[in-house]
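To start, the structure under review is shown below, and the notes come after it.
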Amino acid sequence: MKTQIILPDEEGIAKAGQILRDGGLVAFPTETVYGLGANALDPVATRHIYEAKGRPGDNPMIVHVSNLEMLNGVARGFTDSQKDIMWKLWPGAITFVLHKHPAVPDVTTGGLDTVAVRWPERKEASAIIEAAGVPIAAPSANLSGKPSPTTFEDVAEDMDGRIDAIVKGEQTVIGIESTVLDLTSDVPTILRPGFITKSRIEEVVGGEVKYDPSLFQKPDSDDFHPKSPGMKYKHYAPKADVKIVEGDKAAVHEAIAKLSAEAVASGIKTAVLDYEGKGDEAAVRYFANLRQLDRDGVDVIYIASYDWDEVGFSVMNRMVKSAGYDILEV
């Protein structure tokens, strides 16, 4: 398959929409990361996403919409309170888990009776969905398990020759995937943390919001069926081994210095990522840093972890999965 490179101008957006409408695969930028899109209502097209990414079939995809008609075509049965939450946070970097409309095929939702829906804020993303005229299933546009792409070059690195087209946009401004909030639970539940934080959601909800317990444990059971992307499998992993060092700031620095020196003495190429607990900066840079260190041929990446703010907690969620839960407490 020859992958077309499309500019995000009027002509390019129309072309991307046509490819999606015809059952093809198009990678495009959102405000979070680049997504790999297909017609969410076409089971053959969405199955091709799994094939292109090498993605497990029980890992549900997020359906992207750009208007109320599309939303009503993929989800149903929302209450007034659920609508109030959605309209206060959309469009934006948050996905809501809702009751699925029968029109959405099981392959899009990993066999679940719920559907994860997002209304992206980035203008190119919304314009492409509008041009397609159908809701778009779009997980991140990377090979399954690798760091999510935040640039056009990242997408091309993984997907060239695997998909029909890539829309060549600018780097994403947030850098980590959307927050996923389950609105089908008795209490709104965060299944995946993101840039829109728990405290921000609680302001909107005017009440309790909780984290799903799986965020604090390794979900290694074969019987575990994820309601959101990123809950079950090892994700965001570069070729290099990732090791997280956690504890007091001074102790973390001392431990990483010692580990790095020992590794270098053994001929192992190492790198250190230390964002000084700055969550917003880490969100923008983390995936890009992992990909660059792979290009540099690094063998081991040490990550300093301490005193994270709310967005930092969301980045830490990705770091832990990148490391395969390999955390050293100091």
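- Environment of CD in E170: sparse, with no more than 12 heavy atoms of neighbouring residues, nucleotides or ligands closer than 6.0 Å.
- From N317, atom CG reaches atom OG of S322 across 9.5 Å, with rounding to the nearest 0.5 Å.
- A donor-acceptor pair under 3.5 Å is absent between the side-chain atoms of R162 and the main chain of K53, judged by distance alone.
- With hydrogens and angles left out, the side-chain atoms of S178 and T95 include a donor and acceptor closer than 3.5 Å.
- Looking only at distances, no side-chain donor or acceptor of T189 sits under 3.5 Å from a matching main-chain atom of D182.
- The pair E31-R118 meets the salt-bridge criterion, since a charged nitrogen lies less than 4.0 angstrom from a carboxylate oxygen.
- Contact check on R291 versus D158 returns a salt bridge, with a Lys/Arg side-chain nitrogen under 4.0 Å from an Asp/Glu carboxylate oxygen.
- The main-chain N or O of G194 is found under 3.5 Å from a side-chain atom of S314 such that the two form a donor-acceptor pair.
- Of the possible polar contacts, one joining the Y34 side chain to the G169 backbone as a donor-acceptor pair under 3.5 Å is found.
- When all heavy atoms are compared, the tightest approach of T3 to I163 is OG1-O, 2.7 Å.
- Between R295 and D154 there is a salt bridge, since at least one side-chain N of the basic residue sits less than 4.0 Å from a carboxylate O of the acidic one.
- In plain terms, the two heavy atoms of N67 and E130 that are nearest each other are ND2-OE2, 2.9 Å.
- Using a cut-off of 4.0 Å between Lys/Arg side-chain N and Asp/Glu carboxylate O, E281 and R285 are scored as salt-bridged.
- Using a 4.0 Å cut-off between charged nitrogen and carboxylate oxygen, E276 and K249 count as a salt-bridge pair.
- With T150 contributing its side chain and G175 its backbone, the two residues share no donor-acceptor pair below 3.5 Å.
- Atom-to-atom distance recorded for K210:NZ and I201:CD1 is 14.0 Å, nearest 0.5 angstrom.
- A donor-acceptor pair is defined here as one N or O able to donate and one able to accept, closer than 3.5 Å; no such pair exists between the side chain of K83 and the backbone of F78.
- With hydrogens and angles ignored, the 3.5 Å screen pairs no side-chain donor or acceptor of T172 with any backbone N or O of T30.
- Other residues, nucleotides and ligands contribute only 12 or fewer heavy atoms inside 6.0 Å of the CG atom of D186.
- When the side chains of ILVMFWY residues are joined at heavy-atom separations under 4.5 Å, either directly or via intervening members, Y302 and Y236 end up in two distinct hydrophobic clusters.
- In this structure, CD1 in I303 is found 5.0 Å from CE in M319, a value given to the nearest 0.5 Å.
- Judged by distance alone, the side chains of E310 and S199 do bring a donor and an acceptor atom under 3.5 Å apart.
- Remark: K168 qualifies as a cation-pi partner of F152 under the 6.0 Å distance and 45° angle criteria applied to the six-membered ring.
- A donor-acceptor pair is defined here as one N or O able to donate and one able to accept, closer than 3.5 Å; such a pair exists between the side chain of K269 and the backbone of D296.
- Across every non-hydrogen atom of W119 and S66, the tightest pair is CZ2-O, 3.1 Å.
- Placement of W308 and V252 in two distinct hydrophobic clusters is found when ILVMFWY residues are connected by side-chain heavy-atom separations under 4.5 Å, directly or transitively.
- What you find for V204 and I85 is that their closest heavy atoms are CG1-CA, 4.0 Å.
- In this structure, S126 contributes its side chain and K123 its backbone to no donor-acceptor pair below 3.5 Å.
- Atom CD of E254 has 12 or fewer heavy atoms from other residues, nucleotides or ligands within 6.0 Å.
- The aromatic rings of F216 and Y211 sit perpendicular, their planes meeting at an angle over 60°, well past the 30° parallel limit.
- In terms of modelled atom types and a separation under 3.5 Å, the side chain of D164 and the main chain of L25 share a donor-acceptor contact.
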